[in-house]
Number of protein chains: 2
Amino acid sequence: MSVEIWGDKWTLLIIRDLMFVGKKTYGDLLASEEGIATNILADRLKMLTENGIVEQTQTAGTRSGSAYKLTQKGIDLLPIMAEIYLWSDAHLDISDDLRRRIQSIKDDKAGFIADTARELSKGDG
Amino acid sequence: MSVEIWGDKWTLLIIRDLMFVGKKTYGDLLASEEGIATNILADRLKMLTENGIVEQTQTAGTRSGSAYKLTQKGIDLLPIMAEIYLWSDAHLDISDDLRRRIQSIKDDKAGFIADTARELSKGDG
DNA sequence: CTGTATCCTTAGGGATACTG
DNA sequence: CAGTATCCCTAAGGATACAG
């Protein structure tokens, strides 16, 4: 039951950041609000890459594949994340800001997922 | 982002067992395929209870509230679990048996969720 | 900036004995 | 059967120095 992904705090936060927060680089992810350690971040990115959920952008020529992005398999996690947010909205004490952003999921879940997925797929190869 | 729940392997498995496997008692849960330790199980059940996701059935008079069940808040996790299963079906190497059971979610997700929720709510007080 | 390597500490958790 | 209490040990992970 994909416990590797759902049984780890940091993995979840990385996916969130790549999916919704627009983070792309190692440095972006490192600067997460929660303060992940460098070795942990590297370890999780490796695991996610090995599992085909994340990949490094190869802009062929650009030195260092510093950018990460979700693969289609990773993008397919969107419905799960959306449901997690909806549940959080209903049952958790969250910030007004987050609640406002969740409103767009409530307004049109399918649309939100489709739009976000399209955005994440930009420039896929 | 409810990292308590989604960042812990055992918590996820307990919810799964209560939600889909029909387990109710401490002993049932203890006998999980994955082999949870007694102290860990007790700890997680306590955490889930404190978070209002699980409650002990009080059959008023029956000694020892040995049965656990999901609260409404816990039942509301159903859409998330359903999406996790759908994702697993699409992207993971799972058993034929599990795939067969997921088929019923694919056939009618809303119906599956409604039916399961109703089943879990039986005898709520 | 993107990682890798090491060190060191703590907490998670397996095993198991024990209690109501 | 339903938990609690201990013990012990490994592994997760924070801090940080180092490397490409």
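Just so we're clear, the structure is a prediction, and the values are computed from it rather than from any experiment. Letters A, B, ... mirror the listed sequences (proteins, then strands); counts begin at 1.
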Using atom [atom1] of [X] as one end and atom [atom2] of [N] as the other, report the distance to the nearest whole Å.
X: A:E34; N: D:dG14; atom1: CD; atom2: C1'; result: 15 Å
X: B:D28; N: D:dG3; atom1: CG; atom2: P; result: 12 Å
X: B:L41; N: D:dG3; atom1: CG; atom2: P; result: 8 Å
X: B:K46; N: D:dT4; atom1: NZ; atom2: P; result: 8 Å
X: A:D43; N: C:dT2; atom1: CG; atom2: C1'; result: 16 Å
X: B:L30; N: D:dG3; atom1: CG; atom2: C1'; result: 10 Å
X: B:L48; N: D:dG3; atom1: CG; atom2: P; result: 13 Å

Given [N], is OP1 or OP2 found less than 4.0 Å from the side-chain N or O atoms of [X]?
X: A:Y26; N: C:dT4; answer: no
X: A:S66; N: C:dT2; answer: yes
X: A:T25; N: C:dT2; answer: yes

request  = Could you tell me whether a side-chain N or O of B:Y26 sits under 3.5 Å from a main-chain N or O of B:Y68, the two making a donor and an acceptor?
outcome  =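 Not confirmed, B:Y26 side chain does not pair with B:Y68 backbone.
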message = Taking A:E55's backbone N and O only, do any of them form a donor-acceptor pair with A:T71's side chain (distance below 3.5 Å, no angle check)?
response =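 It does not hold such a pair.
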ask   = Who pairs with A:W10 by ring pair (Phe, Tyr, Trp, His ring centres under 6.0 Å), at least two apart in sequence or on another chain?
value =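 Per chain and number, A:W10 pairs via ring pair (Phe, Tyr, Trp, His ring centres under 6.0 Å) with no residue.
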Where protein sits on nucleotides 6-20 of chain C, one letter per nucleotide: B base, S sugar-phosphate only, - none, heavy atoms under 4.0 Å = B------BBBB----
Within 6.0 Å of CG in A:D96, more than 12 heavy atoms from elsewhere =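 Not more than 12 within 6.0 Å, no.
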ask   = Is the NZ atom of B:K73 crowded by more than 12 outside heavy atoms at less than 6.0 Å?
value =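 Yes - once you tally the heavy atoms of other residues, nucleotides and ligands closer than 6.0 Å, there are more than 12.
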side-chain hydrogen bond (donor to acceptor under 3.5 Å, both in side chains) partners for A:S104, two or more places apart =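 A:S104 satisfies side-chain hydrogen bond (donor to acceptor under 3.5 Å, both in side chains) with no residue once adjacent residues are dropped.
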